[in-house]
Amino acid sequence: MVYKSMIDNFKNQITKQLKELIPLSEEEISNLLEVPPKQDMGDYAFPCFTLAKVLRKAPPKIAEDLVNQLVLEPYFSEIKVVGPYINFYYNKILYIQSVLKSIIDWDQSKISSIGDGKTIVIDFSSPNIAKPFSIAHLRSTSIGNSLSLIYKYMGYHVVKINHLGDWGTSFGKLIVAYKLWGKPEELESNPIKKLLELYIRFHKELDDKPELDDNAKMWFKKLEDKDDEATRLWSWFKDLSLKEFNRMYDILGVDFDKYWGESFYQDKIEGVLDLLNQKRLVNESQGATIVDLGEYEMPPVLLKKQDGATLYATRDLAAALFRWDQFQFDEMIYVVGGEQELHFKQVFKVLELMDFQWVSRCHHVPFGLIQFKDGKMSTREGKIIFLEDVIEKAKSLALQKIEETLMEKGESGQLSNEEKNQRALIVGISSVIFSDLKNHRQRDILFDWDEMLNPKGETGIYLQYAHARLSGILRNFSRRIGDIKTDDIQISEAASFDIAKELSLFQERIIHAGNIKEPSVIAKYLLDLGQSFSTYYRANQVINEQNIPLSYERLLTVLAVKKILSDGLKLLGIQPLDEM
RNA sequence: GGGUCGAUAGCUCAAUUGGAUAGAGCAACAGCCUUCUAAGCUGUAGGUUGCAGGUUCGAUCCCUGCUCGACUCACCA
């Protein structure tokens, strides 16, 4: 990528010179070079520990000897020894200029060619039909969506699959509950809520009437056997739910290439079972069909229940085979909660036993649960928070703030209600998505209304605000000073040095995030960048009518930060706002 | 009991995968709106990185043991 290669000049000067002085290759030197933890320690540091053994000298002595032989012009302004480290200080002006101009000139839709010609299949979101889209589903959805955007940005061909939970025993339960207590017109008017009520009531009454469970199993078996009534009800429930889910996906700005739910693989299961039989992997146990994994210290995988009905592991196997057949992916990732870790280990093990080498390309990407103060979220107990309620609440807080601000500025009538609502919605979604993505995947999240809706500090709102301020400066600039021309601008002041350094990290952070499948890396990065910029523009007035050249110069920083912030937010699935 | 993951400032979390004096935000306190949007900025205070060992020049990070918590361990997904 463009700006990376320009920055490489700085590093290359170090490696080329050091290579002549010490018994290490350029690559080894490059790997050893690190960024010091503190500003006043310079911009690059070369640690001399590893040389100590080879040269049989103390690291500080080695550093002393080397530093006198290094030439610093033009890329560095100073080279200093601090203990066992050689610290290099950039020529700030040259550095800022390199970084800013190359970012601004760069107009690619992707940041790397790492993924060129490679396909990643990503299975995420996958909500259960007939259950509400809760705050818990947000995790898989936001992490999966962000990862797919990151991979696309890295050059991969990405296939997004929504593995809808549209098959299984819970449909038996729903059918039973509906036949007992449901009313068609109620369901049509408020499908998800009414379906949820049926589901909850089923489990409530189960305590007194254990026979309900057998009934449910029977109805699911009927569904698998293509019973007319069962199929009709199932398909109706599914339509109602999908309509609701798609509404949420629209709000979140998430889409999928394939809506291949569990039911989609129904007609592919027999083939898989045949294959397993051929490979002699199948056993009977207690009336159920299983694959015994005792040898690998895992519980058995259940393929069929006593009554012959399939289970989710069966469908996951069929899904994996079918997806391989369709895409020959270089990698397939399942963005699914950590509680299913064992399940995926088992499924992958079975695929391995079936001699499918490509199983090494399959990865479970687990994430932590959302917990309440008094324990786990539970659909059955109705202990659940609807994502839509969270977004709605976040939105109404944002709307209130927008109106306050307009009032203060005396511009109350200036904005249409529609525009206000639109902005408030984006702000609300930003804070909800960001509060999810800023945490390490694997951490459990304690659900806390105050924290999720907090407009201050390390939040999506903070980043939106920074982006809006950047956009505002650009607007004001062209209005007051004229068109923005960035050609041939020279940098003369070092004020934006810290920001330039932050900006130069963008590419490696994206790639790192993709490699460890961790969107929070980007979230943290954007917060750092936002903070650097907030400090910068508070201290340095960009538009200065008395000094137009200086204005142009500072404008480069604004342009570059806006570009990176905007791209970064988009990678998290957040739409950047130009005005707040 | 077995397995997996986690434990860092009062609270929520970082720490570029083994490097220099462990950093942010929230809450608290003290400042900053005749200057491009104060959803902001500056400063103060806050630490035996759960405990005990080990590996080495060097450990929040790797190894062992323990404590606490979450998840999971055959007919739910």
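All chains are named by letter (A, B, ...) in the order of the sequence lines, taking the proteins before the strands, and each is independently numbered beginning at 1.
Comparing G40(B), A74(B), A77(B) by their closest approach to the side chain of Tyr312(A) singles out A77(B). Checking A20(B), C36(B), C26(B) against the side-chain heavy atoms of Lys456(A) singles out C26(B) as nearest. Of the candidates A70(B), U37(B), C26(B), the closest approach to any side-chain atom of Met580(A) belongs to U37(B). When distances run from any side-chain atom of Ile461(A) to the nucleotides U17(B), U72(B), A39(B), the shortest one goes to A39(B). Of the candidate nucleotides G3(B), C76(B), U72(B), G3(B) has the atom nearest to the side chain of Lys345(A). With U35(B), A15(B), U37(B) as the candidates, the nucleotide lying closest to the side chain of His440(A) is A15(B). When distances run from any side-chain atom of Lys524(A) to the nucleotides A14(B), U42(B), A74(B), the shortest one goes to A14(B). Closest to the Pro455(A) side chain, of the nucleotides A74(B), U42(B), A39(B), is A39(B). Each of G40(B), U35(B), A77(B) was ranked by its minimum atom distance to the side chain of Gln541(A); first place goes to U35(B). With U72(B), A20(B), U17(B) as the choices, the nucleotide that has an atom nearest any side-chain atom of His512(A) turns out to be U17(B).
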Exercise. Show your working on side-chain hydrogen bond (donor to acceptor under 3.5 Å, both in side chains) between Ser435(A) and Glu451(A) and close with a plain yes or no.
Key: CA-CA 8 Å; Ser435(A) 81; Glu451(A) 176 135 357; over 6 Å; no
Quiz item: Asp166(A) and Ser263(A): side-chain hydrogen bond (donor to acceptor under 3.5 Å, both in side chains), yes or no, with the steps?
Solution: CA-CA 6 Å; Asp166(A) 60 0; Ser263(A) 67; 2.8 Å; yes
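Considering only side-chain N and O atoms, Arg443(A) lies nowhere under 4.0 angstrom from the phosphate OP1 or OP2 of A70(B). A close approach under 4.0 Å does occur between a side-chain nitrogen or oxygen of Thr169(A) and OP1 or OP2 of C76(B). Proximity of Thr459(A) to the phosphate of G25(B): no side-chain N or O atom is located under 4.0 Å from OP1 or OP2. The phosphate of U37(B) has OP1 or OP2 within less than 4.0 Å of a side-chain N or O from Asn476(A). In this structure, Thr405(A) does not reach the U37(B) phosphate: none of its side-chain N or O atoms is under 4.0 Å from OP1 or OP2. One finds a side-chain N or O of Tyr462(A) lying less than 4.0 angstrom from the OP1 or OP2 phosphate oxygen of C41(B). Taking 4.0 angstrom as the limit, Arg469(A) places a side-chain polar atom (N or O) nearer than this to OP1 or OP2 of A38(B).
Against the 90° criterion about 0, the sugar-base torsion of C33(B) places it in the syn range.
Searching all strands for a Watson-Crick or G-U wobble partner of A24(B) with both distances below 3.5 Å returns U12(B). Checking C29(B) for Watson-Crick or G-U wobble geometry (two distances, each under 3.5 Å) identifies G43(B) as its partner. Look at C68(B): its Watson-Crick or wobble partner, with both distances under 3.5 angstrom, is G6(B). For C36(B), there is no paired nucleotide, since no Watson-Crick or G-U wobble pair has both relevant distances below 3.5 Å.
Aromatic pair Phe237(A)/Phe171(A): centroids not less than 6.0 angstrom apart. Between Phe348(A) and His364(A), the ring centre distance reaches or exceeds 6.0 Å.
Within a 6.0 Å radius of CD in Glu297(A), other residues, nucleotides and ligands contribute 12 heavy atoms or fewer.
Nucleic acid contact for Gln531(A): sugar-phosphate only, since backbone atoms but no base atoms lie under 4.0 Å from a heavy atom of the residue.
If you check distances only, the side chain of Ser285(A) does reach the base of A74(B) with a donor-acceptor pair under 3.5 Å.
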